[in-house]
Amino acid sequence: MALPLPPGLTQNEVAFLAEMEMVTVVPRQRLDSIDLLGGKTPQLRPPHRAQLPLWLALLLKKQRRANIVPPAWMHPASLAEIIHRETKEDPEAFSPPPPPPSRALYSQPGTARRLNPSYLDDFTQPQQDSQQDPNSILSPPFLPSNVAESPAGYLPYHWLEVAEALLTHAGDDMPAPAGEVRSLLRDLVEVRAAKMRSSTSALEGFGDAYLTLRGVGAMELAENRSFLAGLVDGVRKIGASAEATRREEEEEARRGGDYGGDGDEDSDEDMGL
Amino acid sequence: MSYYDIDAILTDAEKIPCTFQIDVPDLGYLDNQPGHTLKSGSRVALPIWLAEMLAIANTGTVDMDDPSQSSKSFITFDLPPALGNDVVQALKADPRSVPLRDQSAHFYALATHMMELSEEPELSAVLRKTFVSRAAEIALHARKVGGGGSSYHGRDGGGAGGKGKGKATKDDNASNLGVGGAGEDFLRGLDEWERKLFRSAHDGTKASKEWMENVKKR
C-alpha cells in the first residue's frame, strides 16, 4: 500500500520532535531525578529553576507541579525586533539562527566556553560535562535554545512549535498577554512564508543557482518541503538536456586534451596520405 | 521519463508537425488522399513516440551514384505549435499571464522532451525563468486558497480579490473554486507539473493550518 504522505516529516511529527527541547522550569513541588534514556533529569527543589525537556515540563504544568519560564526570545519586545529585522533590515534572507551557546555552564560559574565544540577545538581543557562527547556538534533539539537564558532576538529552529505549545499550555506564565504574543507570532509566520516564496526567484538565473535557507524553522520546512523539492526538480528536468550536452562537451574537451589535441586513437595506423 | 509513467505516456501522445522525406506507398490516407502514395515533402502531424522513432531511423541504403539518396531519415520534425515563437515571446514578456494549459496540458513535459531531441538553448532559458516565476505565483495562490491568514506583507494587494474560503474539494483537479477572478484564471491555466506543485504547496499550508488549530486540543 503506497503511503499517501509526501516524503519528509509531517507537522505533527515535527511538533513531537520539538518536545525534546529543553526549557526552564520553576517547580512547585519537590521531585526526584528521573532516569531517562538521555540522562537523568535534575532534582527539582523549589524554588530553584531547572531545565527539563519540554514534554516533561508540559506534563508537570498540567499537573500544576511546575511553572514554565518562557525563553527570552519569546518576549514581545524581542519578537517585535525580529519582525523589524525580517521586514526592514534584511528582506531577502531569513533572520539568523541563534549563536552557538557559549555561555557559562551552571556547574562552573565564571568560565565561558562553547557547549558544543567542533573537532577543531582544543581538547586539552578538562571536560566539564561528562555526558557530552567533545567531538559531537549539537543540533536542535539538543541545543539549549529555549531555556530562559537563551539569547533574545534570535529564532531557534523549533521556534513555532515551542512557542505554540507554551502559549497553549502555559499561557499564564508569559511575560505579556498571550493574545499579544500570539498575534506577533502570526505576523512572523506570514512574513517568513512570504519570504520563502520570494526566495525561489534565486533559481531563475542560468547555471548553478541555490536557495539559502539559513535560519528557517522546522515547521516552515515541513510545510514547504514538498513544494521546494518539486520546484527544484522541475528546474532540473528543464535543464537536463542542456546539462547533458554540456557534460558531453566537457568530456570531449578533456579527452581531446589528454591525447595532445588529436584525440584520434587510430593515428598509428594512419598512413598519413 | 520512465516507461510506465502516465504523464510520460500522455506527453508522448502529443502531436508534432513532421515532413516526410520519402515517398511511402499506401499511406496517402494520412494526407486525405486514400489509396494514393504519400509524397515526399508532405506535412503530417504525428505523435511524438512515432515521430521520434521515424526521425532517428533512416533508410539504411547506400546509393553510390547519388549520395544524397543514401541513408535519409524518414521524416524531419519541427517544434509543435505549443512551443512556437509567439508563445515563447509571450512567455518572455510576462510568464504569469500566459495560460499554459491552453497550449498543452503537458507543456513542460512536452518542451523537455523536444529539448532532448533537438538543441534549443533559448527555449531552455525561457522555460526555466517561466517555471520559477510561475511557481512563486502558485505558492501565493496555494496559501490564499488554503484559507491563509491575514496577509501581513503588502507585496500583493491584488490577486485573488475576496479570499473566498471555498471548500477545498478533493478532486484531482485541485484548482479550488472560490478564489477571486484573476486568481481563478491563473489556476485554470496551469499545466500538469504546475498542478502538482500547487497541490503540494496547498497540502503543506493546509497541514500547517490544521496543526495550529489542533495545538489546543493536545
Side-chain angles (χ1 to χ4, degrees), chain A residues 4-6 8 10-12 14-15 58 83 87 91 160-161 164-165 167-169 183 185-206 209 219-235 237-245, chain B residues 1 95 108-109 111-121 123-143 146 148-156 193-194 196-212 214-218:
Chain A
L5 294 173
T10 67
Q11 276 79 351
N12 286 332
V14 170
L58 291 175
I83 292 182
T87 49
L160 188 52
E161 304 84 89
E164 285 288 324
L167 280 176
T168 317
H169 300 287
S183 75
L185 280 178
R186 294 277 180 276
D187 285 345
L188 205 45
V189 166
E190 286 293 326
V191 167
R192 287 166 74 99
K195 216 181 250 191
M196 177 82 84
R197 282 196 300 274
S198 58
S199 74
T200 60
S201 62
L203 288 177
E204 275 180 29
F206 193 65
M219 196 57 78
E220 292 151 339
L221 274 183
E223 186 179 328
N224 291 310
R225 182 178 285 117
S226 54
F227 172 75
L228 286 180
L231 176 63
V232 173
D233 200 37
V235 172
K237 283 196 250 193
I238 290 177
S241 77
E243 176 74 18
T245 321
Chain B
M1 295 199 253
Y108 291 106
T112 312
H113 202 145
M114 294 311 296
M115 288 196 284
E116 276 171 30
L117 298 177
S118 60
E119 291 272 339
E120 305 278 345
L123 187 62
S124 170
V126 170
L127 274 190
R128 180 183 170 132
K129 197 157 175 305
T130 309
F131 186 63
V132 173
S133 55
R134 283 169 75 96
E137 192 76 11
I138 289 170
L140 194 62
H141 281 95
R143 194 164 182 87
S150 58
S151 275
Y152 178 83
H153 52 95
R155 189 171 78 87
D156 74 300
W193 283 16
E194 291 170 337
K196 286 204 186 97
L197 271 189
F198 179 82
R199 195 170 317 156
S200 47
H202 174 73
D203 286 346
T205 314
K206 199 157 66 103
S208 278
K209 223 129 258 2
E210 261 176 50
W211 175 77
M212 293 261 233
N214 290 340
V215 168
K216 304 167 189 37
K217 299 193 187 131
R218 222 211 113 243

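Chain letters run A, B, ... following the sequence lines, proteins first and then strands; every chain starts at 1. For the numbers below, each heavy atom of this structure counts, side chains included, while hydrogens, waters and symmetry mates do not.
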Query raised in the report: Considering only heavy atoms from C-beta outward, does the side chain of A:Asp233 approach that of B:Trp193 to under 4.5 Å?
Result: no
Query raised in the report: Hey, are the side chains of B:Arg143 and A:Glu223 touching, using non-hydrogen atoms and a 4.5 Å cut-off?
Result: yes
Requested in this report: Pick one of side chain, backbone, both or neither for A:Glu220, based on which atoms fall under 4.5 Å of a heavy atom in chain B.
Outcome: neither
Query raised in the report: Tell me, side chain or backbone of A:Ala193 under 4.5 Å from chain B's heavy atoms, or both, or neither?
Result: side chain
Query raised in the report: Is the shortest heavy-atom distance from the side chain of B:Met212 to the side chain of A:Arg186 under 4.5 Å?
Result: yes
Requested in this report: Pick one of side chain, backbone, both or neither for B:Lys196, based on which atoms fall under 4.5 Å of a heavy atom in chain A.
Outcome: neither
Query - B:Tyr108 and A:Lys237, any side-chain heavy atoms less than 4.5 Å apart - result: no
Query raised in the report: Is the shortest side-chain N to carboxylate O distance from B:Glu137 to A:Arg197 below 4.0 Å?
Result: no
Requested in this report: Sequence neighbours left out, what passes side chain to side chain contact (heavy atoms under 4.5 Å, CB included) with A:Thr10? Give chain and number order.
Outcome: A:Leu5, A:Asn12, A:Glu13
Report summary line: Rounded to the nearest 0.5 angstrom, the OG-CG distance for B:Ser200 and A:Leu228 is 9.0 Å
**Report entry** Check: B:Met115 main-chain N/O paired with A:Ser241 side-chain donor or acceptor under 3.5 Å
**Finding:** yes
Report task. Using a cut-off of under 4.5 Å on heavy-atom pairs, state which of B:Val132, B:Leu117, B:Leu123, B:Thr130 scores highest against chain A. Result -> B:Val132
Query raised in the report: Hey, mind stepping through B:Trp211 and A:Glu161 against side chain to side chain contact (heavy atoms under 4.5 Å, CB included) and telling me if it holds?
Result: CA-CA 10 Å; B:Trp211 175 77; A:Glu161 304 84 89; 4.3 Å; yes
Query raised in the report: Which bit of B:Ala139 is near chain A, if near means a heavy-atom gap under 4.5 Å: side chain, backbone, both or neither?
Result: both
Query - Portion of B:Glu119 that has a non-hydrogen atom of chain A nearer than 4.5 angstrom - result: side chain
Query raised in the report: Under 4.5 Å between any side-chain heavy atoms of B:Phe131 and A:Leu231, yes or no?
Result: yes
Report summary line: Correct closest heavy-atom pair for B:Ala135 and A:Phe227 would be O-CZ, 3.4 Å
Report task. Determine the minimum heavy-atom distance between A:Thr168 and B:Val215, stating which atoms define it. Result -> OG1-CG1, 3.0 Å
